[in-house]
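All values below come from the heavy atoms of this structure, side chains included, with hydrogens, waters and symmetry mates left out. Order of the sequence lines fixes the chain letters, A, B, ..., with proteins taken first and strands second; residue numbering starts at 1 for each chain.
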Amino acid sequence: MGHPSMSSTYDAIVVGAGIVGAACALEAAQAGLRVAIIEPAVIGGGATAAGMGHIVVMDDSEAQFALTHYSRELWQALRPELAAEVEYDACGTLWFAADAEEMAEVERKAAFFRERGVRVEVLDAHALHEAEPNLRPDLVGALLVTDDAVVYPPAAARQLIQAVQQRGGVLLHGRRVVKISEPEAAKARLQLDDGSHLDAHWIINAAGAWAVQLTPGLEIKPRKGHLVITDRYPAFVHHQLVELGYLKSAHAMTAESVACNIQPRRTGQILIGSSRQFGATDPATEPQMIQRMLQRACSFMPGLAHLTALRTWTGFRAATPDKLPLIGPALGHERVYLATGHEGLGITTSLGTAKLVIDQMLKRESAIAAAPYLPSRNLAEIQHD
Amino acid sequence: MTEPSMTEQVTITINDQQVTVPNGCTVTGALLRQGVDWGRRSVSGDPRGPLCGMGICFECRVTVNGQTQVRGCQLLCQEGMQVRTDG
Amino acid sequence: MASVASVDNQGQAHRVEADVLVIGGGPAGLAASACAAESGKRVVLVDDNPSLGGQIWRGAKASAGDSGDSALWRDRVRHAGVTVLTGTRVVSQLAPHVLLAERDGTGNGTAVQLRFQQLVLALGGRERFVPFEGWTLPNVMGVGGLQALVKGGMPIRDRSVVIAGTGPLLLAVAASLRHAGARVLLIAEQAPLRRLATFSTELLRVPAKLRQAISLQASLYGIPYLTGCYPLAAHGADGGQRLHSVTLRQGSRTWDLRCDYLATGFHLVPNTELAAMLGCSLVDGVVQVDAEQRTSQPTILCAGEATGIGGVELSLIEGQIAGYAASGQLQRDSQRAAALQSARLRWQRFASALNACFALRPELGELAGPTTIVCRCEDVRLGQLDGIDGIEGWRAAKLHTRCGMGPCQGRICGPILAQLRGWPAESIRPPVFPTTIKTLMADFTDR
């Protein structure tokens, strides 16, 4: 921890020490920049702590695939350095099919991934049952995405922050940003809640749920989700399990939806999701949502019903209308960059996001095209659903 | 506990072994009467035993009739109950 | 009479309706439910334990020290037609006036929906534990804990026991253990003699307590009772398989004592979690109530240790007040109300003296070192909480060390971290107690 002097200028200051902010700060530090990261509360305590920590390649769109695939490769490269607390587990994802239509989707996804060099395996009913004996035996099959993984995100954020500090970067803990501005040509400024200010060449707004307060007008809406975690039941589940109906849920036009999403943790605990609600701003857990979500999960894995739940909680995903994050200069700004709007893919895409942001700041060439994620893209005409 | 007459006894199995205890004995009481280490371990492998006796500390957990994570100190033995400590 | 659909073998969820729902079957809950039901109200009494009586009256069958009050109140509850659900614990709130509870079977839990007009929380208290090196060894138990386990069938005859902690419970348990044939080697009370002497004068004011104290003294004849004495460490044998001995300190003197069991507990802390989850205000860690035992939430009352640790007599009085108030009878008999209020005042004074006497000495906050386990569920050691940049308070500890993330939901480690680090309790989220998934997903809408 350090105390910034009023006149010191950092090269880059990251607002928010969640997984995305931490990744951006480390990428900046590794590029040789003088970095600070500012966080009013607990490191990794926002959406980073609330979500599932699933590292997954997605095929909803080419842009989503590009970012998730790129990011997953970065996680794999980082894996040998990750501490035990991060609990990196390359358990793979099983997208399971309950009927012929969903099985056709399995085949379509398999083809999509294979064409792009992603290792997958198609499992029939028998193979699926062998892979996950506690799933309902009458499921039709599944797509195994072998190299997907699970991590414990708060520990990952903390380790990235520690790496920032080892490179001379500074964690400004317990301070809160109230305003971002660009008072002069070569400077960006953060105004803090204690009346002081910090200047930098660049500012990265990675404040997640609070990003809109600092950069007004962002096309981000909170999407509430519920989760349940059980006591320890080692070897009950082996892979991250996602129903193919999940995609129908994530795209649903209704205000509330649930889908079966079951994750094994290194402790042997089982994390159960998922739910999505628009327009809900109260963080209180809602019993009816918990009921629906658990009923959905148990419909595929009946044995879950006998397990003990220790905790339930909610979190808010930062959602954009086209389901792609905002990565790049904020509209009307030169020195303020956005790294937010990751909806349910923040953990996965944190590393790719960090690369893209720093690439743009330093005018480096990016490994993937940055255009689909630029805040300057036309979002106003797309309806949130 | 006051020792009961033979008609107030209950027989349960602990890890497939039949055990007879006074009626009113809890599952944890039955285990403690056997005087053996039933293998309760902390998450990092240290030996543990019951602490609070009132169902709060969860150090007394066993599997009863197939249901895991049952607090033995809060459950009275019932005839035919199947208790496992290796779950 | 409340109606309870019988629980069928498939474990179907069930509804229970009550005019007055009482949570907790210890002295306060028994008194509240009897008083409410005697007026004709439908009263349902819910308790987690297999039998009624709470902790202090655990074990329905006669045992040493079981007062006539216990049988008296249980009889009153029975005769008043209270519906009793044992092995049942409240999990969460489904809607205003509707709670979700889980009821044990011998294998599966059953979901129960509890609907009420008035709710009386008689949640009781639990032992406070103070960590020291070796406190997690098998055969180190709470003071009330050891007694409860003995009542539950644990053999103690001819086993040696050291009792080290604080509070009147030490003496009551020592007497009870001796009666069961244990060899009680020593009672170590951390409070200094001068504080105990001051408390004794308080005892003189209350004849019933004085009689109790004198009779206890008789049954404890020959057992050393050391004041200003506390445990420093417990030591194991067989590679930590069980307790072997305990190191004690009194003043400048330190010595080891070989024993089979160490009963260590430091008075009580109130069980406030359910009250907090339901939105009741807490002040100084206890549920805030008015003269009628009403909390900050309309329709919710609270009585007994959860409103402040005060002992059986105070719990019984508060329970009666709450029971009469919840059933709308309190003001109808102003003489009775006045008698109860003035009795409560007297016993509250006694409770204040009690709690002041047994306050923890500062040395107890230094017994735990960096390698001492403070969170038993997750094996988190004190040093882990201090070694990390930016770690302060419960949220940081939970996310970055797993402290408090285990099944006890912070009930054991919460008071410990409050004592050692001053961390205030966090807001409570459901489930207020570990619950099966089956219960959490029970759907009552079509019933």
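When each of Ala148(C), Pro155(C), Gly236(C) is scored by its heavy-atom pairs under 4.5 Å with chain B, the top score falls to Pro155(C). Put simply, of Leu32(B), Asp46(B), Ile56(B), Leu51(B), the one with the most heavy-atom pairs under 4.5 Å next to chain C is Leu51(B). Annotation: maximal heavy-atom pairing with chain B below 4.5 Å, among Arg411(C), Glu378(C), Met141(C), occurs at Met141(C). With chain B as partner, the option from Gly54(C), Gly142(C), Pro50(C) having the largest number of non-hydrogen pairs under 4.5 angstrom is Pro50(C).
Heavy atoms closer than 4.5 Å to chain B are found in the side chain of Gln55(C), but not in its backbone. With a 4.5 angstrom heavy-atom cutoff, Asp379(C) touches chain B via backbone and side-chain atoms both. For Arg71(B), the part sitting under 4.5 Å from any heavy atom of chain C is the side chain, from C-beta outward, and nothing else. Looking at Ile373(C), only its side chain comes within 4.5 Å of chain B, counting heavy atoms on both sides. Both the backbone and the side chain of Ser42(B) come within less than 4.5 Å of a heavy atom in chain C.
Defined by atom type and a distance below 3.5 Å, a donor-acceptor pair is present between the side-chain atoms of Asn49(C) and Gln74(B).
Other residues, nucleotides and ligands contribute only 12 or fewer heavy atoms inside 6.0 Å of the CD atom of Gln17(B). Environment of CZ in Arg157(C): sparse, with no more than 12 heavy atoms of neighbouring residues, nucleotides or ligands closer than 6.0 Å.
With sequence neighbours excluded, the residues that form a side chain to side chain donor-acceptor pair (under 3.5 Å) with Arg242(C) are Asp238(C). Judged as a salt bridge (Lys or Arg N to Asp or Glu O under 4.0 Å), and not counting sequence neighbours, the contacts of Arg376(C) are Glu59(B). Looking at residues two or more places apart in sequence or on another chain, you find a side chain to side chain donor-acceptor pair (under 3.5 Å) between Thr439(C) and Glu102(C), Thr436(C).
No donor-acceptor pair under 3.5 Å is formed between the side chain of Thr68(B) and the backbone N or O of Thr63(B). Not one N or O on the side chain of Asp260(C) forms a donor-acceptor pair closer than 3.5 Å with the backbone of Arg159(C). Side chain of Glu8(B) to backbone of Gly24(B): no donor-acceptor contact under 3.5 angstrom is found. Counting only distance, with no hydrogens or angles, the side chain of Ser176(C) and the backbone of Ala172(C) share no donor-acceptor pair below 3.5 Å.
Annotation: residues 261-270 of chain C contacts chain B through no residue [non-hydrogen atoms, separation under 4.5 Å].
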